[in-house]
Number of protein chains: 2
Amino acid sequence: MGLFTEQGFKATTIRGIATAAGVSPGLVQHHFGTKEELRQACDEYVLGYMREQAGLGVTGRNLEKPEFIENVHRTAPPLMKYLGRALVDGSPGAAAMFAELVNVTEEHLAGDENPEADHRARAVVLTAMKLGITVLHEHVSRALGSDVYAAPAALRVGKAQLDLFRPEFLGRELFEQARKGLAKVEGER
Amino acid sequence: MGLFTEQGFKATTIRGIATAAGVSPGLVQHHFGTKEELRQACDEYVLGYMREQAGLGVTGRNLEKPEFIENVHRTAPPLMKYLGRALVDGSPGAAAMFAELVNVTEEHLAGDENPEADHRARAVVLTAMKLGITVLHEHVSRALGSDVYAAPAALRVGKAQLDLFRPEFLGRELFEQARKGLAKVEGER
DNA sequence: TGGCTTCCAATACAAGCGTATAAATCGTAG
DNA sequence: CTACGATTTATACGCTTGTATTGGAAGCCA
C-alpha cells in the first residue's frame, strides 16, 4: 500500500513490493494472484477500515472519546493518502467511496436548508474540496512547511477550513463542536 | 498531453504517443529526446499558457470581455486536466505552479483582514480545495451526471462554491462580480 | 511417522519498455 | 541538377515487467 501510495499503481512493481516486504516476488503472486487483484485487496482493506471507523464514530458515539480520536489520528493518515492516490489512479473501489461520501454529505445538507438549493452540487463540491487536501497533501505540506498529517499543520488546516466555509454547511452544532475540538487540541499543545 | 492526462506519466508509452500522433516512435525521440524531456516540454507549454492567460486577464483587463472568457473556456479545460494529473504525478513544474498559486492567493488574502489570521494556511487550503475539483474532475463529473468542463455542470459547481465559501475571502467586490458573471451566463442559456 | 495441503523461493519466459543507431526520405539552397 | 541538412522511419538492443512453472520447506492431521 505504501508503494502504491507513493508511486501509483502502474509505476509500482511486484518485485519492488516483494523486496519492501522482505519476501520473494513469487510469494506476492501466490497470496494475491495478479497485480490487479492485489490492488483490489488493498482497496478493500482501506475502504473497509474507513467504513468501520466511520460506523464506530457515528453510531458508537465515540466521536468525543479521546482514545478513539487519538487512535484514528495515528492510523488513518497512510490510509487517507492511499485513498487520495487511488482516486486519481482509476481504482474502481475509490470511485465507489467518493460516490458514497457525496451521498452522505448530500443527506446531511438536505436536512436544514431551503429546498430550492442545489444540494447535490454543494455536496459534490464539498467532498471534492475536502478530498482535494488529501490528494494534494504533498503540495499542501510543502507549502505549509510541515507534514499535514502531523498535529501542528493539521491544526492550521482544520482552522483554516473552519474560517473559509460558511458555518451553516457543517450544521451550527457540528461547527461549534469542531471549533471546540480544535481549541481543545490546541490547548494541549 | 492527452495521454499523459488520461493515463499518467508512467503508464503512457512513447509508442502510444507516436501512434496517437500518427508518426513513428523514433520521431518523438528525435524532437524531444527522452521521455522525461517530453514531460518537461508539456509542463512548460501548459504552465506558460496559464501564466500568459492569467496575465492577459488581470493586467490586460480582459476579465469582462466575453470573447476572452469564451476563448478561455474553450481552450483551458484540457490544460487544467493536465495540470491536475501532473500535480499528483510528481511533476516538478506542477509543484512550482502550486506554490505560485498559493503565494498569489496569500497576497490577495493578506489585503483586507485582521493581521492575526493565518493567511498562509488559508491560502494553502483555498488553492488545494480549488484544485481538488480539477484533480478529481472525473469523479465530480460522474457524481453530477455531466462533464464539469461543460457549461451546465460548470455553472452548478461555480454556484455551489459561491454558496459554500464565506464571501469575504473572494473580496466582497470580486464575489459580487463572480455572482453577476454566473447569473449572466445562466441567463444566456 | 506418513501423507497432504499450505507456504515460499527460484527460475523461466514472453511481452513491452525506453532508447540508441543507422538507413531512408524530404525540402531546399547553391 | 545536385548536394547537404533536417525529418522521418526502421531496426535492434538491453532491460524490466507481469506471470507461469517448478520444486522444495514447513506445518498439520490421522
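All figures in this text were calculated on a predicted structure; none of them were measured in a lab. Chain identifiers are assigned alphabetically (A, B, ...) following the order of the sequence lines, protein sequences preceding nucleic acid strands; residue numbering begins at 1 within each chain.
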Can you tell me the distance, in whole Å, between the CZ atom of A:R39 and the P atom of D:dT19? 12 Å
Per atom distances to the A:L27 side chain, the nearest of D:dG18, C:dC7, D:dT7 is C:dC7
Do any side-chain nitrogens or oxygens of A:Q29 fall under 4.0 Å of OP1 or OP2 in D:dA20? yes
Report the distance from atom CZ of A:F4 to atom P of D:dG18, rounded to the nearest whole Å. 9 Å
For the side chain of A:V23, counting heavy atoms from C-beta on, which of C:dT19, D:dG18, C:dA9 is nearest? C:dA9
Does a sphere of radius 6.0 Å around NZ in B:K35 hold more than 12 heavy atoms from other residues, nucleotides or ligands, not counting ones at 6.0 Å or beyond? yes
Expressed as a whole number of angstroms, how long is the span from B:I17:CD1 to D:dT8:P? 16 Å
Please report the distance, rounded to the nearest Å, between CZ in B:F32 and C1' in C:dT19. 16 Å
Donor + acceptor pair across side chains of B:R122, B:H119 (<3.5 Å): no
Residue closer to the 5' end of DNA chain D, A:G26 versus A:T13 (nearest nucleotide): A:T13
So for atom CD, which belongs to A:E138, do other residues, nucleotides or ligands contribute more than 12 heavy atoms lying within a distance under 6.0 Å? no
When rounded to whole Å, the CD to C1' distance for the pair A:E37 and D:dT19 reads 12 Å
Looking only at C:dG18, D:dT7, D:dT19, the nucleotide nearest the B:H30 side chain is D:dT7
Starting the side chain at C-beta, find the nucleotide from C:dC8, C:dG18, D:dT8 nearest to B:S24. D:dT8
Nearest heavy-atom contact between A:T12 and A:L3 is OG1-O, 3.1 Å
Figure out the CD1/P separation between B:I14 and D:dT8, and round it to whole Å. 16 Å
Let me check the geometry of the helix from C:dT1-D:dA30 to C:dG30-D:dC1. What is the bend angle between the axes at its two ends, five pairs each, to 10°? 10°
On the nucleotide C:dC8, are OP1 or OP2 found under 4.0 Å from the side-chain N or O atoms that A:H31 carries? yes
Can a side-chain donor-acceptor contact be found between B:S141 and B:Y149 if the only test is distance below 3.5 angstrom? no
I'd like to check the salt bridge (charged side-chain N to carboxylate O under 4.0 Å, His left out) partners of B:E107; sequence neighbours left out, ordered by chain and number. none
Sub-3.5 Å donor-acceptor pair from the side chain of B:K81 to the main-chain atoms of B:V135, do we have one? no
In terms of side-chain heavy atoms of B:R15, which of C:dC8, D:dT7, D:dA12 is nearest? D:dA12
